[in-house]
Amino acid sequence: MKLAARVGQVAPSLTLAIAAKAKAMKAEGIDICSFSAGEPDFDTPAHIKAAAKQALDAGKTKYGPAAGEPKLREAIARKLKKDNGLDYAPENVVVTNGGKHSLYNLIMALLDPGEEVIIPAPYWLSYPEMVKLADGVPVIIHATAESNYKITPAQLREAITPKTRLFILNSPSNPTGMVYTPDEIRALAEVVVEKDILVVSDEIYEKIIYAGVEHLSIGSIGKEIFDRTIISSGFAKAYSMTGWRLGYLAGPLDLIKAVTTLQSHSTSNVCTFAQYGAIAALEESQDCVEEMRQAFAERRQVMYELLTAIPGLKCPKPDGAFYLLPNISKTGLKSLEFCDGLLESQQVAVIPGIAFGADDCIRLSYATDMATIEKGMSRLEAFVRAQI
Ligand code: PMP
Ligand code: GLU
């Protein structure tokens, strides 16, 4: 069948595809260790589920406003003020079907054909594909392991052209786990203001950061950068709500209205009773977030130690999120070959770095239990030893 050119130029999400394959193999009874999807293994906290059940029983089963339940928009605005020092009114917030949908809608509402979006690599794999779907041009700037996978302000400045509309900042980062320091964020903000472009700050991992690290939300630095910032976030990672499909955007009013118009003709409101779970997530105790963060911290330590003890694998220690991105070039294999071989011979699922613009790396998620981490690392070691 003839399909639109726009879908022909994008690849399906490799993270979702490999994670689904690993789940299917597990269901067949295969003893597989999966470090594929960035999906917390915890159940959604009970009080969040209870709030959604209560809303369901109370008849919150109808269409709602396309921009989201007013109470949830208020709760998000309060959260952004309290946690991030950002002054948004509820009207500046739109509730979306997840962080992915937030970014997709933002890019759709913003870009005209040929306009450029700056994306630091290694990047989360959906960013360039979304830009292409909007007939925009992804402009990739490369960060290396030596610079802790962070770009410099000079790199950002050099990449900006008269066609640049947007810079995508993702700290803590998927897939590198790196977190920009407050000073580094300030220096990037200066370039954004000086060159008068927009920045979307994807802060979906803001709560998953480790010892001594601080998350600074770029828009909180001052009025000039605030006016040029859009926040994209969601509930999936911090509250273990991946399947709920709940996210949000906050930003300038005309942009939020445009995204709402787009949603009013595409998805309409996010599942009404699910939004009541999100209200509970934000407004009730945050102990669950801290408990999960501590579990991730322990897993990071164990996985990092086991992995960096494997001869031939090199990896900077991440400060946030739940990923390791080791370099595999000593094995002589490219990332796809490596991942296929590892799955085939050791039943270990990881994501090839090529999906993130880093073909000499693989990505492992440690959002899984400790026993799987220990077993998986010894299988990984056996595979790597057989290559070198
Ligand atoms: N941004 C980043 C950096 C991510 O890793 C993800 C992945 N899950 C998302 C956005 C989207 O998350 P969701 O749509 O599940 O809320
Ligand atoms: N973002 C997660 C990941 O990188 C989930 C998969 C996806 O949404 O593509 O693994």
Side-chain angles (χ1 to χ4, degrees), residues 10-23 34-42 44 68 76 94-107 117 119-131 133 149 167-180 199-209 215 230-250 263 267 270-271 274-275 277-278 281-282 296 318 320-325 339 349-358 361-368:
V10 297
S13 167
L14 210 56
T15 42
L16 291 183
I18 295 176
K21 186 171 173 189
K23 275 186 188 167
S34 180
F35 306 109
S36 54
E39 174 163 52
D41 56 325
F42 306 104
T44 302
I76 293 167
V94 56
V95 180
T96 63
N97 282 279
K100 191 180 274 183
H101 190 222
S102 294
L103 292 156
Y104 179 81
N105 280 353
L106 163 70
I107 286 167
V117 177
I119 304 172
Y123 46 73
W124 181 45
L125 77 179
S126 292
Y127 297 149
E129 307 306 298
M130 289 173 178
V131 173
L133 280 169
Y149 290 126
F167 161 48
I168 302 184
L169 174 65
N170 175 219
S171 176
S173 151
N174 175 8
T176 70
M178 290 306 151
V179 180
Y180 285 86
V199 55
V200 58
S201 186
D202 179 351
E203 305 194 354
I204 199 155
Y205 295 101
E206 69 167 318
K207 300 288 181 195
I208 306 170
I209 52 178
H215 165 76
I230 303 107
I231 301 287
S232 174
S233 196
F235 295 81
K237 315 291 174 177
Y239 299 98
S240 199
M241 293 170 71
T242 47
W244 290 61
R245 311 311 304 135
L246 269 158
Y248 55 89
L249 279 176
Q263 287 195 177
T267 50
V270 174
C271 173
Q275 293 187 58
L282 291 179
F296 291 137
F322 34 62
Y323 306 104
L324 293 181
L325 191 77
C339 294
V350 302
I351 309 286
I354 194 166
F356 312 106
C361 295
I362 55 167
R363 189 195 76 177
L364 299 94
S365 158
Y366 50 86
T368 189

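Here the structure is a predicted model, which is why all the values come from computation and not from measurement. Whatever order the structure lists them in is the order used to number ligands and atoms, beginning at 1.
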Do Tyr205 and Tyr323 have ring centroids that are under 6.0 Å from one another?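 Judged by ring-centre distance (under 6.0 Å), Tyr323 and Tyr205 do meet the cut-off.
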Which protein residues have a heavy atom under 4.0 Å from ligand 1?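 Under the 4.0 Å cut-off, ligand 1 touches Gly98, Gly99, Lys100, Trp124, Tyr127, Asn170, Asn174, Asp202, Ile204, Tyr205, Ala236, Lys237, Arg245.
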Taking every non-hydrogen atom, the tightest pair across [X] and [Y]:
X      : Y      : result
Gln275 : Val95  : OE1-CG1, 4.1 Å
Thr96  : Ser102 : OG1-OG, 2.7 Å
Arg245 : Val270 : O-CG1, 3.5 Å
Pro40  : Ala367 : CA-CB, 3.8 Å
Ser240 : Thr44  : O-OG1, 2.7 Å
Ser365 : Gly38  : OG-CA, 4.2 Å

The protein residues that pass the under-4.0 Å heavy-atom test against ligand 2 are Ser13, Thr15, Leu16, Ala37, Gly38, Lys100, Trp124, Asn174, Lys237, Tyr323, Arg363
Can you classify the ring geometry of Trp124 versus Tyr127 as parallel (below 30°), tilted (30 to 60°) or perpendicular (above 60°)?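 If you compare the ring of Trp124 with that of Tyr127, the planes turn out perpendicular.
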Do side-chain atoms of Ser34 reach the backbone of Ala22 as a donor and acceptor pair under 3.5 angstrom?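 The answer is no, because no donor-acceptor pair under 3.5 Å joins these two groups.
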